[in-house]
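Read through the structure below, which is laid out as structure tokens, and then see the notes.
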Amino acid sequence: MKIAVVDDEMLALQSFLSDVIDYDIDYKFFKDGKSVLEYASKHTIDALFTDIRMPEINGLVLAEKLIDLYPDIPIVFITGMPITINELNDKVKANTLGFLYKPYNTNKLSEFLNIIRKRTPTLHVKMFDGFDCFIDGKLVMFSSAKSKELFALLLTYNGKSLTMTDAINLLWEDYDIEKAKILYRNAIFRLRKTLADIGVNCVCFKRAMLTLDKTNIQCDYWNFLNTGEGSYHGEFCKSYSWSIDYLYELDIIAEKNKK
């Protein structure tokens, strides 16, 4: 999971860092709310820990703006103010897990992190043989075949950005460019809805480009590339013609593991 931590006091950030260093989380530190919003527009954030009193954009305003981007984002306020949840507006209150009052209690911090970890779903991806995704053991149903294939292609890029041009050349190569762009945008719309429905915010939808946040994804293909371990038996995303280009590299890895 990826947590944004915001405080304009460097000592407070250093203190927070020392307390989360042993946790299996990906954290990003910011000194102001504007930087958080710029980051959140291009990357996925699973939770927000923020001070309340900050220049330009205070923590309460920041929370509202992030909720607009991520409606279900859990929020914890780090503050020395004697504020309670009843003083928050309804929009922010619904997403607030609670408060860490300075100097905060590390046990309370652990409690919040465990809650967030349990609320952050892991997407399990199977790419060997056919391509399917699972949440809590349940098959993810994509609303169209092309939105599913587009997601498979993005996962195959393994963290590299997927441009609209590359996607069109591989998925809609038989269409003229204007028709292909319409089909691409339709697949984007459907993919965005599917991911929102299952609560997985792993794709950043930029103009003519997609990027993937791999934080909460477990993928057999990635694991095989990294460790050589897995259930590869000569087939990879076998329903998609472009997948053939990846078999040579996979065969080499598999052959090395036999020795």
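- Pairs of residues two or more places apart, or lying in two chains, that qualify as ring-ring contact (aromatic ring centres under 6.0 Å, His included) and include a residue from residues 58-97 are F77-F99.
- Looking only at side-chain heavy atoms (C-beta outward), L100 and K108 come within less than 4.5 Å of each other.
- Residues K2 and N216 have side chains that never bring a donor and an acceptor to within less than 3.5 angstrom of each other.
- Note on ring orientation: taking the six-membered ring where Trp is involved, the planes of Y232 and F128 are tilted (angle from 30° to 60°).
- In this structure, the side chains of Y240 and L153 stay at 4.5 Å or more apart for every pair of heavy atoms.
- Crowding of Y39 atom OH: a count of heavy atoms from other residues, nucleotides or ligands under 6.0 Å exceeding 12.
- With a 4.5 Å cut-off on side-chain heavy atoms, D72 and N201 do not count as touching.
- The two atoms that bring M127 and C219 nearest to each other are SD-SG, 3.5 Å, heavy atoms only.
- No side-chain heavy atom of T50 sits under 4.5 Å from any side-chain heavy atom of L66.
- Residues D132 and K148 form a side-chain contact, since some pair of their non-hydrogen atoms from C-beta on lies under 4.5 Å apart.
- Follow the hydrophobic side-chain contacts under 4.5 Å out from F189 and you never reach L69; the two are in separate clusters.
- L139 has its side chain within reach of M141: a pair of non-hydrogen atoms, C-beta onward, lies under 4.5 Å apart.
- Counting only distance, with no hydrogens or angles, the side chain of N95 and the backbone of P71 share a donor-acceptor pair below 3.5 Å.
- In this pair, F49 and F112 present their aromatic rings perpendicular. The plane angle is above 60°, beyond the 30 to 60° band.
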Notebook entry, point to check: Step by step, would you call F205 with L210 a side chain to side chain contact (heavy atoms under 4.5 Å, CB included)?
Noted result: CA-CA 5 Å; F205 297 89; L210 303 177; 3.4 Å; yes
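- Within a 6.0 Å sphere centred on NZ of K91, heavy atoms belonging to other residues, nucleotides or ligands number more than 12.
- No continuous path of hydrophobic side-chain contacts links I135 to I116 [ILVMFWY only; heavy atoms under 4.5 Å].
- At a threshold of 4.5 Å between side-chain heavy atoms, the hydrophobic network of Ile, Leu, Val, Met, Phe, Trp and Tyr places L150 and I177 in one connected group.
- Using a 4.5 Å heavy-atom cutoff, the side chains of Y221 and L250 are in contact.
- In this structure, F236 and W242 have perpendicular ring planes: the angle between them is above 60°, well past the 30° mark.
- For CG of D176, the number of neighbouring non-hydrogen atoms (other residues, nucleotides, ligands) closer than 6.0 Å is greater than 12.
- The two atoms that bring G33 and I57 nearest to each other are C-CD1, 4.1 Å, heavy atoms only.
- Note on F134 and F224: separate hydrophobic clusters, where clusters join Ile, Leu, Val, Met, Phe, Trp and Tyr whose side-chain heavy atoms are under 4.5 Å apart, directly or indirectly.
- No single ILVMFWY cluster, assembled from side-chain heavy atoms under 4.5 Å apart, contains both L162 and M209.
- Dense packing is recorded around NZ of K126, with more than 12 heavy atoms of other residues, nucleotides or ligands lying under 6.0 Å away.
- For the pair V61/K65, a side-chain contact is recorded, criterion being any heavy-atom separation below 4.5 Å from C-beta on.
- A search for side-chain hydrogen bond (donor to acceptor under 3.5 Å, both in side chains) contacts involving Y246 returns nothing, not counting sequence neighbours.
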